[in-house]
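Order of the sequence lines fixes the chain letters, A, B, ..., with proteins taken first and strands second; residue numbering starts at 1 for each chain. From a predicted model like this one, the values you see are computed outputs, not experimental measurements.
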Number of protein chains: 2
Amino acid sequence: MALDVQTLSPSAVEGIFVALGDSTRRSIFFSLMEREQSIKELAAPLGITLTGLGQHIRVLEAAQLVSSRKVGRERRCAIDPAGLERLEAFAQLQRSLWRSRFDALRRIVEAP
Amino acid sequence: MALDVQTLSPSAVEGIFVALGDSTRRSIFFSLMEREQSIKELAAPLGITLTGLGQHIRVLEAAQLVSSRKVGRERRCAIDPAGLERLEAFAQLQRSLWRSRFDALRRIVEAP
DNA sequence: GGGTTAGTGAAGCACAAACTTCACTAACCC
DNA sequence: GGGTTAGTGAAGTTTGTGCTTCACTAACCC
């Protein structure tokens, strides 16, 4: 997991939050966590058109949560670990940043 | 960081993604990472009304990303670490789940 | 070739949600 | 008390975006 400063900047996770902020895209994501699937396979249980699903995949790909490749006339979609790695690193960093600031503040307030 | 199964279920992080899926709420969140602030202080740089900002705070509070309390006539808003903890645990779990499934799949494909 | 199936691009619709205004409460200050 | 300031609730407006339809391409199959 190679993560530089750029990878951890707020703007780097924007796309992830936008992507998973939608319930349909969350469903697609969790469905792909089970197994790789085509656009058609993903669309069926959600009751939406292939076009609509294709649009969601593009958003998920932009966030690096999903990757896809054409195999024949099908598009095979799968989880891209990059997004999850970035999300985890982001949460970790923010939490530790908050913690250190909170501890510093506490030290001032509770000065002897 | 106490995290049970409930805390890690997809539905537990829905609110977090919905909350941070909006750019204004991301701004509020990062602004609060710097320091505790009132509704007025948060609204000023964003150029939105106090009413509008109050609505965003409610969404962030529902996701446990922000906590607030009334101090006099002001509402002091601050980061709630619970949301970040949950987000980190979620990303960690999903990534490890994906990794184990991916490794299992690879073992089948690359069978000797 | 002809028919079917999977997916894509452009363009439009429709609803959810971000934001506002207005009216009000309550805390602060003189 | 009277004036100002911070925030809140209800109700309306407007904009973004999720989704569709339609037309098309390309792969598969006979």
Side-chain angles (χ1 to χ4, degrees), chain A residues 10-11 13-32 34-80 83, chain B residues 10-11 13-32 34-80 83:
Chain A
S11 65
V13 287
E14 263 185 32
I16 295 177
F17 289 123
V18 170
L20 295 181
D22 178 70
S23 74
T24 304
R25 282 192 292 267
R26 277 196 302 277
S27 295
I28 294 170
F29 178 80
F30 289 123
S31 184
L32 288 175
E34 301 298 325
R35 66 185 181 291
E36 194 175 306
Q37 284 170 79
S38 70
I39 301 282
K40 177 131 206 247
E41 285 172 313
L42 288 166
L46 294 171
I48 65 174
T49 62
L50 300 185
T51 306
L53 203 124
Q55 291 165 354
H56 284 307
I57 289 294
R58 256 178 259 161
V59 176
L60 288 163
E61 282 195 290
Q64 289 189 280
L65 286 162
V66 165
S67 67
S68 75
R69 74 216 131 88
K70 271 280 210 181
V71 175
R73 66 182 159 180
E74 274 191 337
R75 176 169 295 279
R76 303 300 306 172
C77 305
I79 295 294
D80 181 348
Chain B
S11 66
V13 287
E14 265 185 31
I16 295 176
F17 289 122
V18 170
L20 295 180
D22 178 71
S23 74
T24 304
R25 281 192 293 266
R26 276 195 304 278
S27 295
I28 295 171
F29 179 80
F30 289 123
S31 184
L32 288 175
E34 302 298 324
R35 66 184 182 290
E36 193 174 306
Q37 276 166 275
S38 69
I39 301 283
K40 177 130 206 246
E41 285 173 311
L42 288 165
L46 294 171
I48 63 173
T49 60
L50 300 186
T51 306
L53 202 123
Q55 290 165 355
H56 284 307
I57 288 295
R58 257 179 258 162
V59 176
L60 288 163
E61 283 195 291
Q64 289 189 279
L65 287 163
V66 165
S67 68
S68 75
R69 77 215 129 88
K70 272 282 212 180
V71 175
R73 63 183 161 179
E74 273 190 337
R75 176 170 295 279
R76 304 299 305 171
C77 305
I79 295 294
D80 181 347

Base, sugar-phosphate, or nothing for [X], non-hydrogen atoms under 4.0 angstrom?
{"X": "A/Gly52", "result": "base"}
{"X": "B/Leu50", "result": "base"}
{"X": "A/Arg76", "result": "nothing"}
{"X": "A/Gly21", "result": "nothing"}

Item checked: Pairwise side-chain contact, A/Glu34 with A/Leu32, heavy-atom cut-off 4.5 Å (strictly under) -> no
Note to self: Which heavy atom of A/Leu42 sits nearest to which heavy atom of A/Ser31, and what is that distance?
What the structure shows: CD2-OG, 3.8 Å
Item checked: Dot-bracket line, read 5' to 3' along DNA chain D, where crossing pairs take [ ] and | marks a partner on another strand, Watson-Crick or G-U under 3.5 Å -> ||||||||||||||||||||||||||||||
Notebook entry, point to check: Which distance, rounded to the nearest 0.5 Å, do you find between the OG of A/Ser68 and the CD1 of A/Ile39?
Noted result: 6.5 Å
Next item on the list: Between A/Glu74 and A/Val18, name the one whose nearest nucleotide on DNA chain D is closer to the 5' end.
Entry: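 Mapping each residue to its closest nucleotide by heavy atoms, the 5'-most match is A/Val18.
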Next item on the list: Return the 5'-most residue of the pair A/Thr51, A/Gly72 with respect to DNA chain D, ranking by each residue's nearest nucleotide.
Entry: A/Thr51
Notebook entry, point to check: Heavy-atom contacts under 4.0 Å between residues 60-68 of chain A and DNA chain D, which residues?
Noted result: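 By residue number: none to list.
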Next item on the list: Calculate the interatomic distance between A/Ile48 atom CD1 and C/dC13 atom C1'; express it in whole Å.
Entry: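 Atom-to-atom, A/Ile48 to C/dC13, this comes out as 16 Å.
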